[in-house]
Amino acid sequence: MLNMLWALMILVGIVYGALNGTMKEITEAMLESAGEAVSLCIATGGVMAFWTGMMEVAESAGLIRSLTKKMDPFIRFLFPAIPKEHEARKYISLNIIANILGLGWACTPAGLKAMEALAAMEKQRSGPDYEENRASNEMCTFLILNISSLQLIPVSVIAYRSQYGSSNPSAITGAAIAATLVSTATAVIFCKIKEKMTKDTF
């Protein structure tokens, strides 16, 4: 759907430019934007490589394991139905840690692994009644929490601001912490309310 929407917008822009005799400007804008896109990819690629490498170093040093243990009460509060030693807990913790550090690129693999583990858990728990296209409560909670994305270091935004010549790229940090803190708190409250409503229903 989004691909069709973008294609339609591009097509409308080209047709409008052709009708108004501004095809030269459109072509120049397209080439300039393409160059900026490549430069942005190179800049963010370097940042991504650095922080992903730091995550690997932290995991090898045992820091991730330590942080995962410290997060256990929070994970237990949000996902009471997940067994203590289940692998989904590890991936959920990794995803949250990466999100807190603003590493959108690094949190995606852990998020996918967490969803796979939660789907496997739901399949085992439901038995013959399992519906493949139906998300469990844990999967919905994880998705909502992931979208709310608490960030202490908005690495992605800082990289974008730096690429586009901001005099103080990290100035966004305070606002990002405040905004994502509110969004995460709202997500947690919403998930707990829905969880209670589900229990009351059944």
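Treat the numbers as computed from the prediction; the structure is a model and nothing was measured.
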Do Ser136 and Arg125 have side-chain heavy atoms sitting under 4.5 Å apart?
yes
Arg161 meets the salt bridge (charged side-chain N to carboxylate O under 4.0 Å, His left out) criterion, sequence neighbours left out, with none
Could you walk me through whether Ser93 and Ile96 pass side chain to side chain contact (heavy atoms under 4.5 Å, CB included), step by step?
CA-CA 5 Å; Ser93 297; Ile96 292 174; 5.8 Å; no
Report the distance from atom CE of Met71 to atom CD1 of Ile92, rounding to the nearest 0.5 Å.
9.5 Å
Step by step, work out the salt bridge (charged side-chain N to carboxylate O under 4.0 Å, His left out) result for Glu87 and Lys90.
CA-CA 5 Å; Glu87 63 176 350; Lys90 173 189 173 183; over 6 Å; no
On a heavy-atom basis, which atom in Pro80 and which in Lys192 lie closest, and how many Å separate them?
CD-NZ, 4.4 Å
What residues, two or more places apart in sequence or in another chain, satisfy salt bridge (charged side-chain N to carboxylate O under 4.0 Å, His left out) together with Lys123?
none
Are Ile97 and Ile144 in one and the same hydrophobic cluster, where Ile, Leu, Val, Met, Phe, Trp and Tyr link if side-chain heavy atoms are under 4.5 Å apart?
no
Using 0.5 Å steps for rounding, measure from the CZ atom of Phe190 to the CG atom of Leu145.
13.0 Å
Check Tyr91 against Ala110 and note the closest heavy-atom contact, atom names and distance.
CB-O, 3.6 Å
Distance from Asn168 atom CG to Thr173 atom OG1, nearest 0.5 Å?
8.5 Å
Nearest atoms (heavy-atom pairs only) where Ser148 meets Ser183:
O-OG, 2.8 Å
Before giving the answer on side chain to side chain contact (heavy atoms under 4.5 Å, CB included), spell out for Cys140 and Lys194 the whole-Å C-alpha distance, their side-chain angles and the decisive distance to 0.1 Å.
CA-CA 10 Å; Cys140 292; Lys194 294 298 291 184; over 6 Å; no
Could you check whether any side-chain N or O of Ser33 sits under 3.5 Å from a backbone N or O of Met30, counting only pairs where one atom can act as donor and the other as acceptor?
no
Applying side chain to side chain contact (heavy atoms under 4.5 Å, CB included), run through Leu94 and Lys113 and close with a yes or a no.
CA-CA 10 Å; Leu94 281 172; Lys113 287 287 187 181; over 6 Å; no
Are Ile75 and Phe77 connected in the hydrophobic side-chain network, where two residues link if heavy atoms are under 4.5 Å apart?
yes
For Pro169 and Ser166 the tightest heavy-atom approach is N-OG, 3.5 Å
Pairwise distance OG1(Thr141) to CG(Asn146) - rounded to 0.5 angstrom:
12.0 Å
Joint hydrophobic cluster, Leu118 plus Ile147, side-chain heavy atoms closer than 4.5 Å
yes
Where do Ala81 and Glu138 come nearest, in terms of heavy atoms and distance?
CB-OE2, 3.0 Å
Is there a continuous path of hydrophobic side-chain contacts, each under 4.5 Å between heavy atoms, that joins Leu8 to Ile14?
no
What are the two closest non-hydrogen atoms of Arg89 and Phe79, and how far apart are they?
NH2-O, 4.1 Å
Here the side-chain hydrogen bond (donor to acceptor under 3.5 Å, both in side chains) pairs for residues 18-29, sequence neighbours left out, are none
Hphob cluster co-occupancy, Ile82 + Phe74, side-chain heavy atoms under 4.5 angstrom:
yes
